[in-house]
Enquirer: 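This structure is in structure tokens; I'll ask about it shortly.
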Amino acid sequence: MPELPEVETVARDLRGLVLGATIVGARCAWPRTLRTHDPDRFAAAVAGRTIERVGRRGKLIVVELSDGVALTIHLKMTGRLSLAPATAADDDHLRLAFRLEDGREIRFSDTRKFGRVGLYERDQLSGELVEPGEGGPLFARQGPEPLEPSFTLRAFRTRLRGHRGRLKPLLLDQSFIAGIGNIYADEALWRARLHPLRAANSLRPPDERRLHEAIRAVLAEAVERRGSSVRDYRGPMGDGTMQGQLAVYQRTGRPCPRCGRPIRRLVIAGRASHVCPGCQRLPRAARAAQEAVARSASAAAGAD
DNA sequence: CAACCGACCTGTTCGC
DNA sequence: TGCGAACAGGTCGGTT
């Protein structure tokens, strides 16, 4: 659930609370939270190191420590960070805690246990942050940052035209653009008046321009509002107000803010998508192709 | 390159 | 009221 705006908010809050603090130990209640390390080695690797930077790349929170060590935290759907006195009781879903020198703890709680924490070290030869073992460089799989100035319309067009697939799954692909999830994919497509099943390389130049603008505008507005607090994403380090601005996400049956038609829910690549049937139309040709796919799928199912 | 599926997890909501 | 099914969805790995 946390996407770029929510992760950015958590990273900023965390930065303000722990920058300059020194970690003295770590305890792990669910070892699989750690991507590559066992709890003892992990605790030994972070102990004694100081928090020098807290940032974000895509949906990853990146905590740089002294001596060229970096932590990455992926909240996935239900991960949360909080600060608490080390003496405070653990909550039911505590997975990992970093003890700080000043008596506080950074706590990572995660109901569904999907969240992951990685530990990287600077490679002597390349100077890049790498995971021990065969893990690649830290950001190898992350696409461009949509809010960076380098994410230009021109760059976006070039990338879009290299894909024949449908828009919705493409927007969710972190190697295509980093940080977009189901909420902001649906909202950006609605703002751009584009149907999620449109083929990426079928857009006309004005469509591309609207989509580029919609992605940047919806993400920037959401960052300003500290993200959307919806379902699992709530709590002391991430309450936002963007949920009140959402036009389609989880608003099935309610009127489109632009044209009043009831929002529809469809499933694309196994995920819910929310679209306005009035504002987001498939062109005739794409619609015919889509119906042919649906027919052959139901024929295959029926033949079984 | 593209599409799809199962796996990973648990809490909440829905239909009967 | 109770109970199981469906759903929530980010990402990876495997298959077609």
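Here is the naming used below: chain letters follow the sequence lines, and residue numbers restart at 1 for every chain. Every value quoted in this text rests on a predicted model; they were computed, and no experiment measured them.
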Enquirer: Hey, is the side chain of His163(A) poking within less than 4.0 Å of OP1 or OP2 on dC1(B), counting only N and O atoms?
Expert: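 Checking dC1(B) against His163(A), no side-chain N or O comes under 4.0 Å of OP1 or OP2.
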Enquirer: What heavy-atom pair brings Gly143(A) and Ala178(A) nearest, and what distance separates the two atoms?
Expert: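 Heavy atoms of Gly143(A) and Ala178(A) come nearest at O-CB, 3.5 Å.
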Enquirer: Less than 4.0 angstrom between a side-chain N/O of Arg265(A) and OP1 or OP2 of dA8(C), yes or no?
Expert: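 Looking at the OP1 and OP2 atoms of dA8(C), one of them is under 4.0 Å from a side-chain N or O of Arg265(A).
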Enquirer: Within a strict 4.5 Å, meaning less than it, do heavy atoms of the Pro5(A) and Leu219(A) side chains meet?
Expert: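 With C-beta onward as the side chain, the pair touches.
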Enquirer: Under 4.0 Å from OP1 or OP2 of dT10(B): is there any side-chain N or O of His93(A) that close?
Expert: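 No, outside the criterion.
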Enquirer: Can you tell me if His93(A) and Asp110(A) form a side-chain donor-acceptor pair at under 3.5 Å?
Expert: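 No - no donor-acceptor pair under 3.5 Å links their side chains.
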Enquirer: Provide the distance between the two P atoms, one in dG2(C) and one in dC9(B), to the nearest whole Å.
Expert: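 Result for the P pair: 30 Å, nearest Å.
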Enquirer: Which whole-number value in Å describes the distance from Asp92(A) CG to dG11(B) C1'?
Expert: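 Going from CG in Asp92(A) over to C1' in dG11(B) covers 12 Å.
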Enquirer: Taking 4.0 Å as the cut-off, does a side-chain nitrogen or oxygen of Gln174(A) come that near to OP1 or OP2 on dG10(C)?
Expert: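 Looking at the OP1 and OP2 atoms of dG10(C), neither is under 4.0 Å from any side-chain N or O of Gln174(A).
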Enquirer: Both Trp30(A) and Leu170(A) contact DNA chain B. Taking the nearest nucleotide for each, which residue is further toward the 5' end?
Expert: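 Final value for this comparison: Leu170(A).
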Enquirer: Does atom CZ (Arg53(A)) have a neighbourhood of more than 12 heavy atoms from anything else shown, all under 6.0 Å?
Expert: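 No - once you tally the heavy atoms of other residues, nucleotides and ligands closer than 6.0 Å, there are 12 at most.
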Enquirer: For Phe114(A) and dT11(C), do the ring centres fall under 5.5 Å apart while the planes stay under 30° apart?
Expert: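 No, the aromatic ring of Phe114(A) does not stack with the base.
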Enquirer: Tell me whether the guanidinium CZ or amine NZ of Arg57(A) lies under 6.0 angstrom from the six-membered ring centre of Phe139(A) and within 45° of its axis.
Expert: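 The answer is yes; both the distance and angle limits are met.
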Enquirer: In dot-bracket, 5' to 3', how would DNA chain B read with Watson-Crick or G-U wobble pairs under 3.5 Å, [ ] for crossing ones and | for pairs to another strand?
Expert: .|||||||.|||||||
Enquirer: Atom CG of Asp173(A) to atom P of dC1(B): distance rounded to whole Å?
Expert: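 Rounded to the whole Å, the gap is 10 Å.
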Enquirer: Considering residues, nucleotides and ligands other than Glu224(A), do more than 12 of their heavy atoms fall under 6.0 Å from its CD?
Expert: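 Counting other residues, nucleotides and ligands, CD of Glu224(A) stays at 12 neighbours or fewer.
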Enquirer: By nearest nucleotide on DNA chain B, pick out whichever of Arg271(A) and Ile268(A) is the more 5' one.
Expert: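 With Arg271(A) and Ile268(A) compared, the 5'-side residue is Ile268(A).
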Enquirer: Is any side-chain N or O of Lys113(A) closer than 4.0 Å to OP1 or OP2 of dT10(B)?
Expert: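 For Lys113(A), the contact criterion (side-chain N or O under 4.0 Å from OP1 or OP2 of dT10(B)) is met.
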Enquirer: Expressed in whole Å, how much space separates the P atoms belonging to dT1(C) and dG11(B)?
Expert: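 Those two atoms are separated by 23 Å.
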Enquirer: Distance check needed: dT11(C) C1' versus Phe139(A) CZ, whole Å only.
Expert: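 These atoms are roughly 17 Å apart.
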Enquirer: Check every strand shown and say whether Arg35(A) touches a base, only sugar-phosphate, or nothing at a heavy-atom separation below 4.0 Å.
Expert: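 Since no nucleic acid heavy atom lies under 4.0 Å of Arg35(A), the category is nothing.
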Enquirer: Looking only at side-chain N and O atoms, does Glu221(A) offer a donor or acceptor that is under 3.5 Å from a partner on Tyr184(A)?
Expert: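 The criterion, which ignores hydrogens and geometry beyond distance, is not satisfied for Glu221(A) and Tyr184(A).
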Enquirer: Ignoring backbone atoms, establish whether Arg112(A) has a side-chain N or O less than 4.0 Å from OP1 or OP2 of dG10(C).
Expert: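 The answer is no; no side-chain N or O of Arg112(A) sits under 4.0 Å from OP1 or OP2.
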Enquirer: Provide, to the nearest angstrom, the distance between the CZ atom belonging to Arg141(A) and the C1' atom belonging to dG10(C).
Expert: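 That distance rounds to 13 Å.
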Enquirer: Could you tell me how far apart His274(A) (NE2) and dC7(C) (C1') are, to the nearest whole angstrom?
Expert: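 In whole Å, dC7(C) C1' lies 11 Å from His274(A) NE2.
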Enquirer: Just wondering, are more than 12 heavy atoms of other shown residues or ligands nearer than 6.0 Å to CZ in Arg254(A)?
Expert: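 12 or below, so no.
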Enquirer: Please work out if Arg116(A) contacts a base, only the sugar-phosphate, or nothing of the nucleic acid, heavy-atom cut-off 4.0 Å.
Expert: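 Counting heavy atoms under 4.0 Å across all strands, no contact is made by Arg116(A).
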